[in-house]
Each structure stands twice: as C-alpha cells, then as structure tokens.
S.K.: 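Mind having a look at this structure? Questions to follow.
So that the names make sense, note that chain A is the first sequence line, chain B the second, and so on, each numbered from 1.
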Amino acid sequence: MARTITMLQAINEALDQEMARDSSVIVMGEDVVGGSGAEGEMDAWGGPLGVTKGLYAKYGDRLLDTPITESAFIGAAVGAAASGLRPVAELMFSDFVGVCFDQIYNQAAKFRYMFGGRAETPVVVRTMYGAGLRAAAQHSQSPYSIFTHVPGLKCVMPVTPYDAKGLLIQAIRDNDPVIFFEHKGLYETEGEVPEQSYSIPFGEANVVREGNDVSIISLGLMVHRSLEAAETLAGEGIQCEVVDLRTTSPLDEDTVLESAENTGRVVVVDEAPPRCSIATDISALVAQHAFDALEAPITLVTAPHTPVPFAGVLEDQYMPDAARIAAAVRRVAGYAQ
Amino acid sequence: MALTKDDLLKAYRLMRTIREFEERVHVEFAAGEIEGFVHLYAGEEACAVGVMLHLTKADRIASTHRGHGHCIAKGVDVPAMMAEIYGRATGSCRGKGGSMHIADLDAGMMGANGIVGGGPPLICGAALAAKVQGTRDVGVAFIGDGASNQGTTFESMNLATVWNLPAIFVAENNGYAEATAADYAIGAGSLADRAEGFGMPAATVDGHDFFAVHEAAGEAIRRARSGDGPSFIECQVNRYYGHYEGDAQTYRPPGEAEAARANHDCLDKFAGRVTASAGIEREELDDIDRAVAALIDGAVSSAKADPAPAAAEYLTDVYVDY
Amino acid sequence: MSASDLRALVMPKWGLTMTEAVVVKWLVDEGADVELGAELVDVETEKILSAVESPASGALRWRAAEGSTIPVGGLLGVIADADVPDDAIVGFAATFEAEFTPETEAVAGEGPLPQYVEVNGRSLRYLKLGEGGEPVVLVHGFGGDLNNWLFNHEALSAQRAVYALDLPGHGESSTNVGDGTLATLAQAVADFMDALELPAAHLVGHSLGGAIAAELAGTAPDRVRSLSLIASVGLGRELLAGFLDGFVTARRRRQIKPVLEALFADPALVTRRLVNDVLQYKRLDGVEDALGAIARNLVADGQQTVSIRECLATYPGPTLVIWGAADQIVPASHAGGLPERTHVEVIEAVGHMPMMEASARVNQVLAAQFEGRLTA
C-alpha cells in the first residue's frame with residue numbers, strides 16, 4: 001500500500017527492508033550510527049542528515065561507524081563485497097571521492113572484468129551530491145560524470161522517493177558496484193511510495209512529462225527544475241517532454257533517442273560543469289544517432305566551468321534554474337533553419 | 001604449530017614450485033614469449049609459504065604486483081596461472097588480467113594488484129566479512145616496502161585496530177620499491193615500529209627463513225582467529241630479479257642478488273635444515289624437484305598451445321545485467 | 001426531451017485519482033442527433049483514452065474545443081432538442097461554467113477509498129461503491145487489479161453495492177497465491193465474500209477472473225446470483241502465444257508495452273501511464289513468482305489447460321458471456337458451444353478488454369443481467 005513519504009524516509013526504508021531480508025547486507029560510513037565510542041547515546045546522528053537513523057536499533061553491529069578514513073572503509077566495503085557481504089558504504093559527500101577513488105575505479109569497478117568474470121563485487125556506495133545548500137566548493141559538486149566514465153560502475157541518481165527506494169533496493173541486489181547519488185536538495189521531496197519492497201531495473205529512463213515540441217533530457221535535481229520550466233512553457237503553448245535519465249550507467253539510450261526523434265528539438269539540463277559531462281555525452285548521443293530528426297541545434301543548460309561558489313548570489317547563478325531552462329527551450333522551439 | 005614431515009614436504013614443494021615457475025617465466029620472457037609487465041618473486045618464496053601454510057582455502061589474501069608466489073602458495077592452479085601470463089583463454093582470469101591481476105576468489109586469492117597499496121583495504125573488508133559472518137577465517141594483506149608508505153596501508157592498519165579485525169599485514173621488504181631504496185623511502189626506524197603505532201603487535205623476521213616466517217605468522221594468525229585483532233610482520237628479504245622483467249637494476253650494487261642467492265637462499269636453508277634434523281632425505285627433495293620441473297614444463301607447453309580468448313570476449317564481463 | 005430540458009455532458013471521473021482530462025476528438029458533429037449512451041467524444045487522462053457517452057438523447061448543440069483540458073465535472077457539451085434557441089444554449093453553458101467549481105486535488109482524495117480485509121492470512125484490497133440491492137463482485141483478470149473496472153464500477157453501482165477486489169498476487173493484495181490454482185483463487189473470492197458478509201452476489205469475471213467466477217459458480221452455485229464472463233479463459237485451448245510469459249517476465253517498458261497492446265483492439269489505448277502502472281505493480285517483490293505460479297496452472301505448451309465448461313453446464317443461474325470480436329488474447333470463437341440458456345454478447349472491433357474499450361455497451365448488458373432482463 002502506498003503512502004506519501006520523503007526521499008530520506010524512502011532511502012531509510014529501502015535499507016531497512018533489505019537488511020531485514022538479507023543478513024549479508026551491512027551499512028558502514030562516517031557517523032552512519034554516530035556516537036560509537038562516546039559516552040552519550042548511540043545512533044546520535046544516524047547519518048549526517050539522519051538517513052540511517054533508527055537502523056542501529058534493529059540491526060546493531062551490522063551498522064559500522066568508521067573513522068574518517070575513506071580509502072580504508074570504501075576499500076573494506078569493496079573487499080567485503082568480494083568476500084560474500086553486500087555492503088552499503090556511505091561516502092558522505094561525493095566530493096570526498098578524491099581520497100578513495102582508487103578503491104572504486106581500480107578495484108571495485110575492474111574485478112569482474114580483470115578476473116575474467118570470476119568475481120562479483122556487490123557493493124553500493126551511497127553519496128550526497130549537488131549544490132544549493134551554500135556548502136561551497138568541496139561539498140557541493142555533482143561529479144557523476146567521473147564515475148559514469150568508468151566501465152564497470154553503475155551510476156544511479158533518483159529524483160523521486162518512489163525511484164529512490166526501488167533503485168536503492170535494486171542497487172543492493174545488484175552484483176556490480178553501484179554508485180548511488182543522493183541530491184541534498186531532494187531529501188525532503190515527498191511522493192507516494194509502496195510499503196512493500198520493489199526494485200526498479202537500471203537503464204530505464206523515466207519520461208516524467210510527455211510533449212511533442214521540445215525534449216528536455218535531465219537528471220537529478222534538475223529534473224524538478226525542468227518540470228517547473230515545462231509547466232511555464234505549456235502556458236505559452238510549448239509542450240515539453242521531460243526525460244529523467246535515472247541512471248547514467250547503464251544509460252537508456254533508446255528513450256533519449258525516441259524522445260529526440262519525436263520532438264526534433266533537444267535541451268539537455270545538467271547541474272555539473274559542461275566539459276566531458278553527462279550533458280555533452282547526451283548531446284553526442286543525439287547528434288550521432290538522431291541527427292536526421294533534429295530541427296534545431298542541441299542546447300545544453302549546465303553549470304559554468306567553475307567550482308561551486310559559496311555566496312548565495314553566486315551559487316544561485318551557478319545552478320541552472322527554471323528560467324534558464326525555459327529560455328533555452330524557447331530558443332530551441334523557435335529555431336528555424 | 002608443530003610441523004609434520006608432510007607439512008615440511010609441502011612447504012618445500014610450494015617454494016620449489018614458485019622458484020621453478022619464476023625462473024621459467026624469466027627465461028620465457030627474455031625469449032619474447034610473454035608480453036606486458038611481469039614482476040618475479042624468486043628469492044622471497046619463504047615469505048608466502050611460511051604464511052600460507054597456516055591458511056585454509058576460506059582464508060583470504062590480497063597480493064601485490066609481485067603476486068605469482070602468493071598465488072601458488074594459496075593454491076591457485078599453476079597451469080592456469082601460466083596460461084594467464086601467456087594471455088590464454090584457459091588462464092585464471094581467461095586472459096583478461098595477466099600477470100599483475102591473477103586472482104582466484106574460490107581459492108581465497110583476491111588478486112595480485114596493480115596498485116601499490118591496493119590490497120590492505122580489501123583485506124579489511126575480507127576480515128570484516130569473516131567477523132560479520134561469524135567464521136574464524138582471517139585475511140592477510142601482503143605488501144612490499146613500497147606499499148608500506150601508502151596512505152591506504154596506514155588507514156587500513158588503523159581501521160583493522162579500530163574494528164579489531166582478524167587481519168594480518170605482511171610486509172615483504174626486499175629493499176627496493178621499484179628503483180628506490182627502502183632505507184631512503186621509509187621515514188621511520190622500522191616498519192614494525194610503525195605498526196606498533198597503530199596499536200598492533202609487530203614482528204621483524206628473516207624472510208629467507210621459512211621457519212622464522214612460519215612461527216611469526218602462526219602467532220599472528222592465532223591471534224586473529226581468536227578475536228584478538230590484527231598483527232603485523234615484516235619479512236626482510238631479497239629479490240633475485242629486477243622490479244620488473246627488463247629492469248637493468250643499475251641501482252643495485254654489483255653482485256647483490258648473486259650474494260643473496262649464494263648465502264641466503266630460502267630453499268637451500270630449508271633443505272639444509274630438514275635433511276639435517278627432520279628426517280627428510282635429500283632424495284625426497286630431489287623427487288619433488290623433478291616433479292615440479294615436470295609440472296612447470298607442462299604448464300608452459302600447455303600455455304603455449306592453448307587458445308587465445310575469443311575476440312568477442314573483450315566486451316564481456318561488464319554489466320552482467322545490462 | 002422538452003425545449004427547456006437542456007442536459008450538460010460533463011467530464012466523468014474514471015478512477016480515484018482522475019482530476020481532469022483532455023478533449024482529444026469529437027466523434028459526433030455539432031448539431032447532430034445523438035442517442036442515450038452513444039459515444040460522443042474521446043477524452044484522455046494520464047492513464048487512459050476513452051469515449052464519453054451521451055447522458056441523453058437529443059442534439060449535440062455545444063462542444064468544448066478539442067485539445068482543451070476539462071476538470072472532472074466540467075462541461076464537455078450540451079445536449080438539447082434541435083429547436084432550443086442558440087441563445088439558450090450559450091446561456092446554459094455560460095451559467096454552468098460560472099457556477100462550476102472544480103474539485104481540488106484535496107477534495108478528489110475524499111471519495112470512496114479502497115479498503116483492506118484480512119482473509120485467511122492474506123490482505124485483500126477492495127473498493128466498494130454504491131449501497132444496497134443484490135451485491136456485485138467484480139473479479140479482474142491475470143495481472144490486472146480493481147482499476148480495470150474504472151469505466152464500469154461507478155456506472156454499475158447506481159442501483160447496488162458493487163465490490164471490486166484485487167485477487168491474491170495482484171494490485172495491493174498479498175502476493176501469496178498458494179498453489180496458484182483456480183480452486184485456490186476461487187476459494188479466496190469465497191473467503192472474501194464471507195469476510196464482507198456477502199452470502200451471495202452477482203459475479204463478474206474478466207479473463208482469468210471469469211474462470212475463477214465460473215469455478216465458484218460450479219462449486220458453490222448458491223453463492224452466485226448470476227455469472228457474467230468477459231473474455232474468459234477456460235472455454236477453449238487457444239491463448240495468444242507468449243502472452244502470459246511475456247507479461248510475467250517483462251521488467252521494462254519496451255518489454256511490457258507490446259504485451260499490453262495485444263490486450264486492446266486499439267493499441268493507442270496503452271498510454272505511458274498505463275504502462276508505468278503495470279510496471280510499478282510488477283516490480284513489487286513476490287509478484288513475478290505469484291504470476292508465474294498462476295500462469296503455470298493456466299497454460300502448458302502454449303495451450304490453456306483449464307476448462308470451466310463443466311462448471312457452466314452445472315451452474316443453474318443466469319449466465320452471460322461477453323467477448324470482443326477482435327480479441328487477440330483469447331479468441332471470441334470460445335464463446336461458441338455454450339449451454340443454450342447462456343446470453344452471448346460479441347462486440348465488434350473490441351479486443352480483450354471490452355469493459356474498457358466498450359464500457360457503455362458492457363455496462364448496459366451487465367445492468368440488464370443483474371436485473372434479470374437478459375435472455376439467451
């Protein structure tokens with residue numbers, strides 16, 4: 001039975017149900033419990049934003065607080081995954097990948113291939129990403145394209161509570177390493193979520209709004225902003241089709257191309273900087289495989305090629321918003337060869 | 001743990017197999033039969049075998065660039081290893097890994113590792129899995145003096161102590177990280193001093209001496225199996241060949257490797273001791289030598305004759321569910 | 001219809017979540033004469049495209065513009081006699097618009113909601129509409145749920161209490177289907193009737209639901225006031241090759257869409273929303289196993305393995321069989337060779353989902369069945 005909960009609750013519920021279902025699922029990370037070794041209460045934090053709160057009471061030692069030692073514990077999660085567990089490791093901010101990337105991209109990502117298909121690494125790395133919280137340059141990035149670039153990793157970025165639960169359950173059950181990106185700005189997003197467990201297959205983009213005039217291909221928080229733009233544009237007679245990629249690896253190329261072929265006009269919206277990004281990747285995909293259908297240049301709406309600034313007036317400009325998306329769509333919709 | 005005659009013969013056979021394997025790969029590489037990067041373990045056999053004689057199949061190890069010896073001692077199929085080094089479909093990794101990535105998780109071998117310091121975090125994970133699952137299995141991270149300076153090693157030793165993991169860190173200090181001397185690169189009195197700083201007992205042993213390694217490893221593994229947490233062992237040893245095959249080794253003083261072979265060879269030491277005091281006849285060891293030579297001969301011939309992977313294989317083993 | 005008798009054609013409410021729909025295409029010209037129950041206009045919600053029927057006989061004097069979005073209860077058209085002056089029509093429409101308040105989403109949620117009942121360790125979801133009369137129980141087909149009746153449930157409930165349930169393994173009921181046999185599923189329906197204190201009811205079953213209803217009619221005829229089977233399984237051997245397997249194993253939109261399209265004569269009825277709803281259901285843990293267990297009891301080697309003809313032969317009550325002539329899943333020829341007292345209704349140009357594709361006709365026939373007005 002479905003009821004309305006937040007994305008934060010949906011992620012907690014997915015972890016809860018999978019830990020209940022499968023004793024090989026463990027959770028580790030910095031303060032995923034909070035209070036280890038201290039004199040006060042355990043589960044003091046339940047994760048820096050409370051995502052894992054309450055799980056310690058049910059699963060005890062299957063939740064492990066780690067020292068601030070990303071190389072060791074992300075690597076330990078990988079090693080445990082190759083040794084029979086299904087660890088869910090929390091890399092608090094995806095910006096911190098700089099101190100543990102080897103464990104993800106040289107170890108986890110390569111085992112299956114490098115060992116000739118004779119190893120499985122069912123590890124999930126949950127990690128926060130995204131700007132908008134005035135968290136500045138080292139706590140606000142959207143580095144999913146770096147991970148998407150690595151063969152052997154699967155990259156997931158849920159947009160709704162429903163997707164968050166189903167995609168996380170899929171991630172835990174998946175036998176490959178999965179990087180699960182959670183946008184800080186989406187935790188309080190509400191939506192209908194079934195109480196039962198369910199899983200959403202990877203590589204299945206979601207058409208969240210149908211329209212025949214312009215395709216907006218987007219991911220993460222930007223899907224919400226794209227929908228906001230699409231609503232405004234509908235009032236002007238421009239019907240947008242909004243595609244949420246859901247996973248960038250595997251990428252649902254077919255749904256992107258179907259939409260591009262349907263509308264002939266494509267705007268790609270991405271919160272990350274523009275070089276070697278998901279936006280450029282989608283643009284290349286469409287240009288390569290749907291060129292004949294295009295009636296206007298593919299247009300990218302992205303962050304600028306700068307670090308994420310701190311001050312509100314700066315950060316607000318940095319992030320693509322509905323107005324910028326709408327302006328891009330208007331240009332594309334009005335383009336005549 | 002008292003060593004029976006069977007144990008001793010097994011130890012000798014494993015060390016001899018590693019030696020024969022490496023000497024033969026050296027020859028075949030020089031003859032142009034093997035491609036890529038190969039790092040030989042010859043000279044260090046007592047380290048791998050001294051540790052591995054305590055381990056079961058379910059215990060896990062992580063290895064280094066110089067991984068052939070660890071693989072053989074842990075029970076990875078020798079002809080499959082040779083086939084892997086030749087890039088054959090019949091290899092341990094079906095020709096996709098090569099010398100630097102031989103792995104066999106079923107044998108508890110989590111991979112030779114192309115990243116210096118890649119193994120210790122993985123062994124924390126293997127040890128954690130054993131702890132969570134309530135087995136008495138252990139994880140052993142082999143590192144070199146090079147990896148002893150990596151942050152991953154420090155972090156892993158700390159984490160192993162924090163989580164009281166059944167993990168053992170075995171540093172094979174052969175005096176050189178690539179072409180840089182350990183004396184230059186290790187900014188501490190000794191590796192054992194460092195380990196003690198991470199709160200675990202540490203031992204320094206002669207890595208040419210099987211019995212010394214075996215005894216130190218026995219104590220460390222007993223501690224781990226009893227839930228008493230991690231330990232560290234430094235094995236001081238020599239490598240007979242370069243960092244990689246093709247290394248001119250001009251950074252080494254002339255005659256260093258030869259002197260080590262003449263005066264500290266682990267097989268010579270071992271044979272001398274067991275024939276003198278353990279009731280083992282030289283003929284028994286010679287029989288083993290002949291059997292091992294035949295095994296390696298056979299492994300090389302079959303590797304040469306085995307098929308390369310099917311061309312389409314380069315696309316498989318990613319995204320099984322894609 | 002008298003000159004003063006103007007009737008508003010309003011946007012119907014199909015299903016609990018519907019709040020508005022788009023006028024896709026008028027099927028009747030402005031000014032044309034229309035009969036009560038005739039299909040006048042295709043409208044499309046997020047979920048489905050369907051026709052709205054005329055609430056009266058008369059002339060269609062005013063039509064909402066194609067492409068416009070009309071809230072539930074809003075004005076789609078005006079039916080009046082041809083001699084009503086245009087001014088009066090315009091005035092009627094203007095007054096209607098002025099007085100109409102669309103229900104907000106908050107209010108939309110306040111209609112009757114599905115409920116849950118514990119039956120033999122299973123939780124079964126059901127929706128009850130209407131009160132009194134001889135109750136009706138609607139039993140959906142394989143992979144369906146109570147929403148399959150969205151074009152029928154409200155219409156049928158004007159005179160009586162109508163219950164639509166989710167079978168075990170379906171919708172939001174428990175996924176435990178036991179051995180997945182017809183007998184088990186029929187027992188679940190009987191248990192459901194017990195739990196809701198329905199000693200007997202008119203049973204309407206679609207496809208698999210038809211066979212379940214017939215099984216119950218055969219084993220407990222006193223509990224079945226009348227039996228109405230829509231595109232039922234169990235009346236012949238043929239079944240569209242790969243349909244059940246395709247439905248059971250599909251996990252993705254591209255896999256399920258062609259399977260769903262085979263259900264309808266008009267594949268355009270399979271909207272993205274419908275596909276998403278089916279996928280959401282199928283993604284639930286246990287559903288694939290439940291459907292697989294049921295499927296194994298229904299077919300072997302691509303042929304149906306159950307027969308309800310024996311049940312129909314022994315069941316003494318009124319029996320109605322409805323079929324779409326263009327049914328690709330179970331051919332309409334299976335409606336042949338039934339006991340003589342059976343009323344058979346084959347509807348042209350309709351597929352396996354007549355209650356959706358020809359809801360007006362199906363509702364009329366079912367109402368007649370419940371009121372005992374049908375003859376063989």
S.K.: Which of the residues B:Val162, B:Asp106, B:Leu159, B:Asp137 is involved in the greatest number of heavy-atom pairs with chain A at under 4.5 angstrom?
M.R.: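 Ranked by heavy-atom pairs under 4.5 Å with chain A, first place is B:Leu159.
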S.K.: Could you check which of A:Ala77, A:Pro87, A:Pro67 has the highest count of heavy-atom pairs closer than 4.5 Å to chain B?
M.R.: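 The residue among A:Ala77, A:Pro87, A:Pro67 with the greatest pair count is A:Pro67.
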S.K.: Are any side-chain N or O atoms of B:Arg66 and backbone N or O atoms of B:Tyr41, one a donor and one an acceptor, separated by less than 3.5 Å?
M.R.: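 The answer is no, because no donor-acceptor pair under 3.5 Å joins these two groups.
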S.K.: Using non-hydrogen atoms only, which part of A:Thr66 is less than 4.5 Å away from chain B: side chain, backbone, both, or neither?
M.R.: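 For A:Thr66, backbone and side chain are both near chain B.
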S.K.: Where on A:Ile74 is there a heavy atom nearer than 4.5 Å to chain B: the side chain, the backbone, both, or neither?
M.R.: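 Nothing of A:Ile74, per the 4.5 Å heavy-atom cut-off to chain B.
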S.K.: For residues 74-86 of chain B, which residue pairs pass the side-chain hydrogen bond (donor to acceptor under 3.5 Å, both in side chains) check, not counting sequence neighbours?
M.R.: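 Applying side-chain hydrogen bond (donor to acceptor under 3.5 Å, both in side chains) to every pair that reaches into residues 74-86 of chain B, excluding sequence neighbours, yields B:Glu28-B:Tyr86.
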S.K.: Who among B:Ala127, B:Gly114, B:Gly125, B:Gly95 has the most heavy-atom pairs with chain A under 4.5 Å?
M.R.: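 It is B:Gly125.
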S.K.: Report which part of A:Ser36 has an atom under 4.5 Å of a heavy atom belonging to chain B: side chain, backbone, both, or neither.
M.R.: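 Neither part; nothing is under 4.5 Å.
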S.K.: Given a strict heavy-atom distance threshold of 4.5 Å, which part of A:Phe73 is in contact with chain B: side chain, backbone, both, or neither?
M.R.: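 Contact with chain B involves both backbone and side-chain atoms of A:Phe73.
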S.K.: Please check: side-chain N/O of A:Asp95 versus main-chain N/O of A:Gln141, any donor-acceptor pairing under 3.5 Å?
M.R.: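 Indeed, once roles are kept as given, a pair shorter than 3.5 Å links the two residues.
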S.K.: Just checking, A:Lys165 and A:Tyr198: is the charged tip under 6.0 Å from the six-membered ring centre and within 45° of the axis?
M.R.: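 No - A:Lys165 does not lie over the ring of A:Tyr198 by the 6.0 Å and 45° rule.
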S.K.: Would you check if the side chain of A:Asn12 reaches a backbone N or O of A:Val51 as a donor-acceptor pair within less than 3.5 Å?
M.R.: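 Checking the backbone N and O of A:Val51 against the side chain of A:Asn12, a donor-acceptor pair under 3.5 Å is found.
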S.K.: Among A:Gln103, A:Met28, A:Glu70, single out the residue with the greatest number of heavy-atom pairs under 4.5 Å to chain B.
M.R.: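 The option with the most such pairs is A:Gln103.
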S.K.: Can you confirm whether more than 12 heavy atoms, excluding those of A:Gln138, are under 6.0 Å from its CD atom?
M.R.: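 Not buried by this count: 12 neighbours or fewer within 6.0 Å.
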S.K.: Step by step, would you call A:Arg246 with A:Asp252 a salt bridge (charged side-chain N to carboxylate O under 4.0 Å, His left out)?
M.R.: CA-CA 9 Å; A:Arg246 264 193 185 142; A:Asp252 183 357; over 6 Å; no
S.K.: For B:Glu245, give me all partners under side-chain hydrogen bond (donor to acceptor under 3.5 Å, both in side chains), at least two apart in sequence or on another chain.
M.R.: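 By the side-chain hydrogen bond (donor to acceptor under 3.5 Å, both in side chains) rule, B:Glu245 matches B:His26.
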S.K.: Measure B:Thr153 against the heavy atoms of chain A and call it side chain, backbone, both or neither at under 4.5 Å.
M.R.: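 Answer is neither: B:Thr153 stays 4.5 Å or more from chain A.
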S.K.: Between A:Ala108, A:Ala80, A:Ser83, which has the largest tally of heavy atom pairs under 4.5 Å with chain B?
M.R.: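 Ranked by contacts with chain B, first place is A:Ser83.
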S.K.: Which one, A:Ser24, A:Ser71, A:Gly37, leads in non-hydrogen pairs under 4.5 Å with chain B?
M.R.: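 The option with the most such pairs is A:Ser71.
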S.K.: Which heavy-atom pair separates A:Leu257 from A:Val286 by the least distance, and what is that distance?
M.R.: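 Smallest interatomic distance, heavy atoms only, reads CD2-CA, 4.0 Å.
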S.K.: Examine whether an atom of A:Asp61 lies under 4.5 Å from a heavy atom of chain B, and if so say whether it belongs to the side chain, the backbone or both; otherwise answer neither.
M.R.: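 Neither the backbone nor the side chain of A:Asp61 comes within 4.5 Å of chain B.
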S.K.: Counting heavy-atom pairs closer than 4.5 Å to chain A, which one of B:Leu105, B:Leu165, B:Asn158 comes out on top?
M.R.: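 Greatest number of close heavy-atom pairs with chain A: B:Leu105.
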S.K.: Specify which of B:Thr152, B:Ile115, B:Ile123 makes the most heavy-atom pairs with chain A at under 4.5 Å.
M.R.: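 Of the options given, most contacts go to B:Ile115.
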